[in-house]
Amino acid sequence: MSTYTPRPLGPTLALAGSVGKRADVLVIGLTKSADGPELALAEGVVDDQILSGLLDDLVRVGATGGAEEITRIPAPESLPVDSVVAVGLGAADKLDAEQIRKSAGAAARSIKGGGTAATTLSILDLGAAAEGFALGAYVFHEYRSAKSAPGPEAGPLGAVELLVTAPKDKSAKETLERSTAIAKAVATAREFVNTPPSHLFPAEFADRARALGSAAGMKVEILDEKALEKNGYGGILGVGKGSSRPPRLVRLSYSSKKKGAPSVALVGKGITFDTGGISIKPAASMENMTSDMGGAAAVIATVVLAAELGVPVDVTATVPMAENMPSSTAQRPGDVLTQYGGTTVEVINTDAEGRLILADAIVRACEDDPDYLIDTATLTGAQMVALGTRTPGVMGTDQFRDRVAQVSQQVGENGWAMPFPGELRADLDSKVADLANVTNQRWGGMLVAGIYLKEFVSDNVQWAHIDVAGPAYNTAGPWGYTGKGGTGVPVRTMIGVIEDIAANG
Ligand code: BES
Ligand code: MN
Ligand code: ZN
């Protein structure tokens, strides 16, 4: 049994009616207009005269209100804080929840020293401000020793007072609780992705998933390599057999206990490290393949979140975990394996391993007869070629695919619907088996991977496949509420879809 207990994954968040004595810094918002910056609404929580004095000071030092611009000035005597941070929100007529989230995140990242920030951004949108601050303040220093760990003066923001006119309001409390839970789930997924492959391998990942699932009161089932063998999970075993660290299949089930509740199956790719196997990857950037369990991390975090929120939908996560390594026991290009359920596959390229472990998991998930199935994976480099590093590709059955993409746009993760051109399917025909795991050409690589998975989804299931090869892991600089490393995408899309199903069936 695992003893894994996550560390606190962000600042503590609380509601307040005015700037408290504990606060060190006040964060206000500025919009951008042709006549210079304007104060974003902060009515009722900070004195009007103080605010207009602040605006004068900010204009004097060049603040414009441009999106995510940070301007820090000393606070006037009349405020109990040391300094004021003004964060740009961009044009007022373009201001939406995601911009508030990003600006709050940028403000949170700019404040160091473990202190407390009070903010008026919560007047604009409490939930978005809370999520942005919580996620912007997330940092990962677990593997730095005292030699390089940031000291107290450089540590992240410790606490946030979200200013609202009625802090005792039940609806404000509920909004904050929900946003806190969502931010914690996103941070949980980030934490898994950021944990290096030396420390996070299939058995350890499974143990940690079990610990989170048990703590949330869920049914947990883990298949080890013997159980996988006995039950015919040829895809997971084939990919895992090059590693000294054997594969796992984890199942976490949240039952809403509501009669006739809709059911959602989640499946996530859990390759704890992807060397490519015998079809080995080039050395350049191979270290980024620590993120190849980003899909698994997101579905584990999402099912735990659904349980915490008590969403009236039954959710089961089926999570295959393996390490893709080259060795004398590894599978070879040309090997044939049998996926769970009986489909035979010619493994032409051992680096197209994600689809092999996902196919087993998808067949298993469909045995439960779910109404909906969402799978997500860092599946193809082609996702980034098609859509860049921040836009997930969404594929699947037409209606549900479009619904998932729409929700993803609403929550700010920005998934985009992609087609399955019929002519691509024949490229996966094999000379020796039912299917080949790759085609002999490179065009439409993201779509081909989706088409491969489609072969394993039951006909009566509404299905969406989300390729997050780029979006799950930020190798560029920090932006908005996203730091370097794991991003937690697509947790907010998946919980958004589950809540949408709860509301609309
Ligand atoms: N994990 C990779 C995809 C990936 C690449 C994720 C870059 C994040 C960043 C996946 O297993 C892979 O290697 N895919 C191959 C498929 C190909 C062999 C058909 C790829 O994209 O090159
Ligand atoms: Mn690969
Ligand atoms: Zn991979």
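The structure presented is a predicted model; accordingly, all values stated were derived computationally and were not measured. Counting starts at 1 for both ligands and their atoms, in listed order. We're numbering straight along the sequence, starting at 1.
- When distances from the Mn ion (ligand 2) to the N, O or S atoms of Glu353 are compared, OE1 comes out shortest.
- Inter-residue side-chain proximity for Glu142 and Arg7 is flagged as met; some heavy-atom pair is nearer than 4.5 Å.
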- Message: Checking Asp467 against Thr380 for the side chain to side chain donor-acceptor pair (under 3.5 Å) test, could you report, in this order, the C-alpha distance in whole Å, the side-chain angles of both residues, the deciding distance, and whether it holds?
- Response: CA-CA 7 Å; Asp467 194 333; Thr380 65; 2.8 Å; yes
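- Ring geometry, Tyr143 versus Phe140: the interplanar angle falls from 30° to 60°, so the pair is classed tilted.
- Using a 4.0 Å cut-off to heavy atoms of Thr378, the atoms of ligand 1 that qualify are 1 (N), 2 (C), 3 (C), 6 (C).
- No donor-acceptor pair under 3.5 Å is formed between the side chain of Ser279 and the backbone N or O of Gly276.
- In terms of polar-atom proximity, Glu353 is counted as a contact of ligand 1, with an N or O under 3.5 Å from an N or O of the ligand.
- When side chains are defined from C-beta on, Met293 does not count as touching Met321, because their heavy atoms never get closer than 4.5 Å.
- The protein reaches atom 21 (O) of ligand 1 closely, with a heavy atom under 4.0 angstrom from it.
- Residue contacts with ligand 1, taken as heavy atom pairs separated by less than 4.0 Å, involve Met289 solely via side-chain atoms from C-beta onward.
- In the candidate list Thr439, Ile271, Leu379, Leu379 is nearest to atom 14 (N) of ligand 1, counting heavy atoms.
- When side chains are defined from C-beta on, Val239 does not count as touching Pro247, because their heavy atoms never get closer than 4.5 Å.
- In this structure, Gln339 and Leu356 have side chains that are in contact, with non-hydrogen atoms separated by less than 4.5 Å.
- In this structure, Trp463 and His465 have parallel ring planes: the angle between them is below the 30° cut-off, well short of the 60° mark.
- In Asp292, the part holding a heavy atom less than 4.0 Å from any atom of ligand 1 is the side chain.
- For Ser103 (side chain) and Gly88 (main-chain N/O), a donor-acceptor pair under 3.5 Å exists by modelled atom type.
- Ligand 1 does not have Arg442 within reach: every non-hydrogen atom of the residue lies 4.0 Å or more from it.
- Using a distance-only test at 3.5 Å, with no hydrogens or angles considered, a donor-acceptor pair links the side chain of Asn349 to the main chain of Asp351.
- Here's the thing with Ala352: none of its N/O atoms is less than 3.5 angstrom from an N/O atom of ligand 1.
- The tally of protein N/O/S atoms under 2.8 Å from the Zn ion (ligand 3) stands at 4.
- The N/O atoms of Lys269, backbone and side chain alike, include one that comes under 3.5 Å of an N/O atom in ligand 1.
- Near Asp274, meaning under 4.0 Å from any of its heavy atoms, are these atoms of ligand 1: 1 (N), 2 (C), 10 (C), 11 (O), 13 (O).
- For ligand 1, the polar-atom distance check against Arg355 finds no nitrogen or oxygen pair separated by under 3.5 Å.
- Tyr452 places a side-chain heavy atom less than 4.5 Å from the side chain of Val345.
- Under 3.5 Å, the side chains of Thr391 and Asn414 contain no donor-acceptor pair of N or O atoms.
- Leu453 places a side-chain heavy atom less than 4.5 Å from the side chain of Leu379.
- Of all protein heavy atoms, the one closest to atom 15 (C) of ligand 1 is Asp351 O, 4.0 Å.
- For the Mn ion (ligand 2), the set of nearby N, O or S atoms under 2.8 Å includes one belonging to Asp274.
- Ligand 1 has Met384 within reach: a non-hydrogen atom of the residue lies less than 4.0 Å from it.
- Set against the non-hydrogen atoms of Val438, the atoms of ligand 1 under 4.0 Å away are 19 (C).
- Close approach of ligand 1 to Asn349 (heavy-atom distance below 4.0 Å) involves ligand atoms 18 (C).
- The aromatic rings of Tyr233 and Tyr340 sit parallel to each other, their planes meeting at less than 30°, with 60° as the upper class boundary.
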